[in-house]
Amino acid sequence: MTEKEAILARHSVRKYTSKAIDADVAAKINEKVAEVNAESGLHFQFLNDEGGAYSNLFLKFSGLDSAPASIVCVGPDSADLEEKVGYYGEKIVLFLQTIGLNTCWVGSFSKKRSEAEVKEGEKNVISIAVGYGENEGKAHKSKSVDQLVDAKADSPEWFNEGVKAALLAPTALNQQKFVIRLKDDDTAEIVSKGGAFTSVDLGIVKYHFEVGSGRKL
Ligand SMILES: Cc1cc2nc3c(=O)[nH]c(=O)nc-3n(C[C@H](O)[C@H](O)[C@H](O)COP(=O)(O)O)c2cc1C
């Protein structure tokens, strides 16, 4: 499965089977996390923690505590930390999809119960539930292209492909609070309309756009 195919296949999954993540698969995930950390300067960690980070009441209700593992998204505090977490976290989410795992970004989780290592000057932004889903989730209801895109009618193919991938991106509460603009110099920009977790969302949406369009923003 390619990253583009993973974008089509991925949906948030909130109920997981009891199948544990075995040592070989865990090694692959740790390798990917190390690669992404080296590229980004972030401090993501893969915790095979049997849902420990998700066992507060609300998440039990949602079923997320059935996730056998999580990726904790920690990094050095900075103005662009949340956007970076979204961008590089989604890179890991799509990788996990290509190796047959399911995921869900989780803004509300128990930071206290999480075994994440958070060093001086670092922040634990969010986590991602990881496991083998009881199902593959389902396609989210999406805003229309007209609501999310600001571009001339005959926009180029690369831009349209980027938009398609961006509309499939997960966003907190499915809020899709962003605008994708095609500029006169034939480049694109994506801006956030602001609100809770919209910086993380922006990073996620930018990563999808880049994979879909084959161009860096
Ligand atoms: C930053 C962020 C935070 C999220 N937090 C939660 C959460 O706390 N609980 C939850 O059940 N889903 C959470 N989600 C998942 C979204 O609800 C989901 O991505 C959205 O409804 C779109 O559905 P899809 O991922 O299946 O495409 C979060 C998603 C993002 C991107």
Side-chain angles (χ1 to χ4, degrees), residues 3-16 42 44 47 51-75 80-98 101-114 116 123-145 147-148 163-178 180 190 192-212:
E3 263 191 320
K4 268 194 179 183
E5 288 164 344
I7 285 181
L8 294 171
R10 184 220 60 87
H11 311 294
S12 287
V13 167
R14 298 181 178 85
K15 292 237 169 15
Y16 295 87
L42 296 171
F44 285 179
L47 300 182
Y54 302 114
S55 39
N56 67 34
L57 210 59
F58 172 66
L59 294 173
K60 251 197 187 110
F61 174 72
S62 74
L64 278 161
D65 65 317
S66 59
S70 56
I71 302 280
V72 287
C73 303
V74 176
D80 63 350
L81 173 61
E82 295 200 346
E83 186 179 328
K84 271 178 92 175
V85 157
Y87 184 92
Y88 289 100
E90 190 64 6
K91 197 174 208 179
I92 294 174
V93 160
L94 296 179
F95 168 76
L96 293 169
Q97 189 78 37
T98 68
L101 284 153
N102 300 102
T103 56
C104 184
W105 283 90
V106 188
S108 50
F109 70 106
S110 168
K111 284 187 190 174
K112 264 194 214 146
R113 288 184 210 201
S114 161
K123 221 174 133 185
N124 187 357
V125 176
I126 195 165
S127 72
I128 302 165
V130 182
Y132 297 96
E134 278 190 2
N135 52 56
E136 291 295 317
K138 57 177 179 18
H140 63 240
K141 198 163 171 277
S142 178
K143 287 185 181 168
S144 66
V145 170
Q147 286 172 294
L148 297 174
V163 166
K164 259 193 241 166
L167 265 59
L168 293 170
T171 54
L173 299 167
N174 200 24
Q175 57 191 345
Q176 296 187 300
K177 281 192 180 170
F178 57 85
I180 308 174
I190 307 182
S192 169
K193 291 180 166 176
F197 280 120
T198 46
S199 301
V200 178
D201 287 350
L202 184 64
I204 297 173
V205 171
K206 283 185 175 176
Y207 192 69
H208 272 230
F209 185 91
E210 289 185 358
V211 171

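Remember, it's 1-based here, ligands and their atoms both numbered in the order they're listed.
- Among protein heavy atoms, the minimum distance from atom 8 (O) of ligand 1 is reached at S108 OG, 2.9 Å.
- Using a non-hydrogen distance threshold of 4.0 Å, S62 does not register as a contact of ligand 1.
- In this structure, atom 26 (O) of ligand 1 lies nearest to the protein heavy atom S12 N, 2.8 Å.
- Counting only heavy atoms from C-beta outward, the side chains of Q97 and N102 approach each other to under 4.5 Å.
- Backbone and side-chain nitrogen or oxygen atoms of R10 are examined, and one is located within less than 3.5 angstrom of a nitrogen or oxygen of ligand 1.
- Here the protein heavy atom with the shortest distance to atom 27 (O) of ligand 1 is H140 ND1, 2.5 Å.
- Proximity of a side-chain donor or acceptor of K143 to a complementary backbone N or O of Q176 within less than 3.5 Å is detected.
- Checked by atom type and distance alone, the side chain of H140 pairs as donor or acceptor with a backbone atom of L167 at under 3.5 Å.
- Protein heavy atom closest to atom 15 (C) of ligand 1, with residue, atom name and distance, is R14 NH2, 3.5 Å.
- No donor-acceptor pair closer than 3.5 Å links the side chain of E90 to the backbone N or O of P170.
- Below 3.5 Å of separation, one finds no N or O of H11 facing any N or O of ligand 1.
- Side-chain contact between V85 and F44 is present, with heavy atoms from C-beta onward closer than 4.5 Å.
- Scanning the protein for heavy atoms near atom 28 (C) of ligand 1, the closest one is W105 O, 3.2 Å.
- Of all the atoms in ligand 1, the ones that sit under 4.0 Å from a non-hydrogen atom of D201 are 1 (C), 31 (C).
- Counting non-hydrogen atoms of neighbouring residues, nucleotides and ligands closer than 6.0 angstrom, the CG atom of L8 exceeds 12 such neighbours.
- From the protein, the heavy atom lying nearest to atom 5 (N) of ligand 1 is G107 N, 2.9 Å.
- Near V106, meaning under 4.0 Å from any of its heavy atoms, are these atoms of ligand 1: 5 (N), 6 (C), 7 (C), 8 (O).
- Short contacts between ligand 1 and I204, defined as distances under 4.0 Å to a heavy atom of the residue, involve ligand atoms 31 (C).
- At least one donor-acceptor pair under 3.5 Å links the side chain of Q147 to the backbone N or O of S144.
- Distance OG1/T103 to CZ/R14: 10.5 Å, rounded to 0.5 Å.
- Only the backbone of T171 comes within contact range of ligand 1, with a heavy atom under 4.0 Å; no side-chain atom does.
- Taken from NE2 in H11 to SG in C104, the straight-line distance is 12.5 Å, to the nearest 0.5 Å.
- Counting protein heavy atoms only, atom 21 (O) of ligand 1 is closest to N174 CB, 3.5 Å.
- Scanning all protein heavy atoms for the shortest distance to atom 1 (C) of ligand 1 gives I126 CD1, 3.5 Å.
- Contact atoms of ligand 1 toward C104: 12 (N) (distance under 4.0 Å to a heavy atom of the residue).
- At least one side-chain heavy atom of L81 sits under 4.5 Å from a side-chain heavy atom of L42.
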